[in-house]
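Throughout, protein chains are lettered first and strands after them, A, B, ... in sequence-line order, and every chain is numbered starting at 1.
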Amino acid sequence: MENNWDPGLAGQFTARLLEWKDATPRPMPWKGVRDPYLIWLSEIILQQTRVEQGLPYFERFRARFPTVESLAAAPDDEVFKLWEGLGYYSRARNLLETARYIAGERGGKFPETYEGIKAMKGIGPYTAAAVASFAFDLPHAVVDGNVYRVLARVFGLVTPVDSTDGKRLFSEWAQKLLDIAAPGVYNQAIMDFGAIQCKPASPACGQCPMQSFCRANQTGKVDELPVKARRLAKRVRYFHYLVLRYEGKLLLRKRTAKDIWQHLYDFPLVESEQKEMDLAQLQASPAWKTLVGKNSPMLFHCSQSFQQTLSHQHIIARFWEFDLPDPWVLDDAEYIVEERENLTKFAFPKIVDWYLKKL
DNA sequence: AATACGGGGAC
DNA sequence: GTCCCAGTATT
């Protein structure tokens, strides 16, 4: 019953939202921008990322790659280096793929329909609606974490937002509420409202223009909405990195396997089911036999333990440093030998970055 | 329908 | 510690 559509309520919602927006300016570098390239770039950076975290990345990308052609022409490693620390690195891969598609196959011109935009790599329903509405004034409602929260609370929608039913339901509500006279302005407004007013924790209900008709406020369930069904289990992994040195050079490895941190660099890795490992176990590993073999190290040092939590994994890593008396014989493009000073041009996972800072 | 995929900030 | 963030791709 509470999920029923009420045109009167909907009208109030949109009217109050737009009033609120005028009274609560929130300047952003991409607001008012009409260049679909810059809008797209900002939206990819902001996927599952707080505005405060993404902003400096957007400015650096815009400065270095002002056009889609300049981005398309960039070496992969440079893009990943610029993306370093932002997480969800498949976004960087898809960013490049889409830039090269637009520059190479479309003469640099962005698709101008929702379907055309959404068909490109790294662009789902949210990003397609954002680009379509901000760049081309197309009437597509954005549905992001803010929209889930605002609609769930104001209209008392209790369907879990991470369910198939929930995704469909919230998209339908969002689309019906959209102000088709100004889709871009409305989309910006509802996301700003979610970020500033209808916050996840301690929302400002006392000063909220929706207070009188907000279902969650009426029923005292503001803190229970939106409903999320799934909770995730984290896998624990123990990494023992081989930091192999010869005359000031280090052996790096590019991560290419179907695993975390694809396209980033780290070191040869021995993964273990156990937290601790001794030298004999390390020397029995395939990685050791391949990369060190009979080249017996002169001395070694084992680092402290570093820990990093990812979305679905918890990593515990140690770095074993070895000085080798003889140079490597490498026939594998997976590995790179680099001077210690040149490491700054490679993109590393945070846990490797932390270690390198202490090295 | 579930799961994988980062990192940071707020509490 | 937990939760969430201008989500998407894959299985």
If you measure from the P atom in C:dA6 to the same atom in B:dT3, how many Å do you get, rounded?
->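 It works out to 25 Å between them.
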
How far, in whole Å, is B:dG6 from C:dC5 if one measures between their C1' atoms?
->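 One C1' to the other, the span is 12 Å.
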
Which nucleotide span of DNA chain B, 5' end to 3' end, has atoms closer than 4.0 Å to non-hydrogen atoms of chain A?
->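 With heavy atoms of chain A under 4.0 Å away, the range is B:dA1 to B:dG9.
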
Straight-line distance of A:His240 NE2 to A:Ser303 OG, nearest 0.5 Å =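 Result: 10.0 Å between the selected atoms.
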
Just how far is it from atom CG of A:Leu244 to atom CH2 of A:Trp288, taken to the nearest 0.5 Å?
->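 The distance works out to 7.0 Å.
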
Using a cut-off of 4.0 Å on non-hydrogen atoms, how would the nucleic acid contact of [X] be classed: base, sugar-phosphate, or nothing?
X: A:Thr127; answer: sugar-phosphate
X: A:Arg26; answer: base
X: A:Asp162; answer: nothing
X: A:Gln262; answer: nothing
X: A:Asp192; answer: base

Are [X] and [Y] within salt-bridge range, i.e. N to O under 4.0 Å?
X: A:Lys81; Y: A:Glu78; answer: no
X: A:Glu338; Y: A:Lys249; answer: no
X: A:Asp162; Y: A:Lys228; answer: no
X: A:Asp223; Y: A:Arg153; answer: no
X: A:Asp137; Y: A:Arg34; answer: yes
X: A:Asp76; Y: A:Lys254; answer: no

Which nucleotide of DNA chain C is the first, and which the last, in the 5' to 3' direction, to come under 4.0 Å of a heavy atom belonging to chain A?
->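 In short, chain A contacts DNA chain C from C:dC4 to C:dT11.
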
Given DNA chain C, 5'-ward residue of the pair A:Pro200 and A:Gly122, judged by closest heavy atom |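 With A:Pro200 and A:Gly122 compared, the 5'-side residue is A:Pro200.
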
Nearest-nucleotide comparison on DNA chain C, the residue closer to the 5′ end among A:Trp30 and A:Lys118 =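 Nearest-nucleotide comparison on DNA chain C picks A:Trp30.
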
Are A:Leu18 and A:Leu178 linked, directly or through other ILVMFWY residues, by side chains that come within less than 4.5 angstrom of each other?
->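 A:Leu18 and A:Leu178: separate clusters.
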
Establish, from distance only, whether the side-chain atoms of A:Arg91 and A:Thr49 form a donor-acceptor pair under 3.5 Å.
->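 A donor-acceptor contact under 3.5 Å links the two side chains.
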
A:Tyr355 and side-chain hydrogen bond (donor to acceptor under 3.5 Å, both in side chains): which partner among A:Gln304, A:Arg318, A:Glu321?
->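 Among the candidates, only A:Glu321 passes.
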
Given DNA chain B, 5'-ward residue of the pair A:Trp354 and A:Lys258, judged by closest heavy atom =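 Upstream on the strand: A:Lys258.
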
Proximity to DNA chain B (any heavy atom under 4.0 Å), residues of residues 86-97 of chain A only |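 Residues of residues 86-97 of chain A under 4.0 Å from DNA chain B: A:Leu86, A:Gly87, A:Tyr88, A:Tyr89, A:Arg91.
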
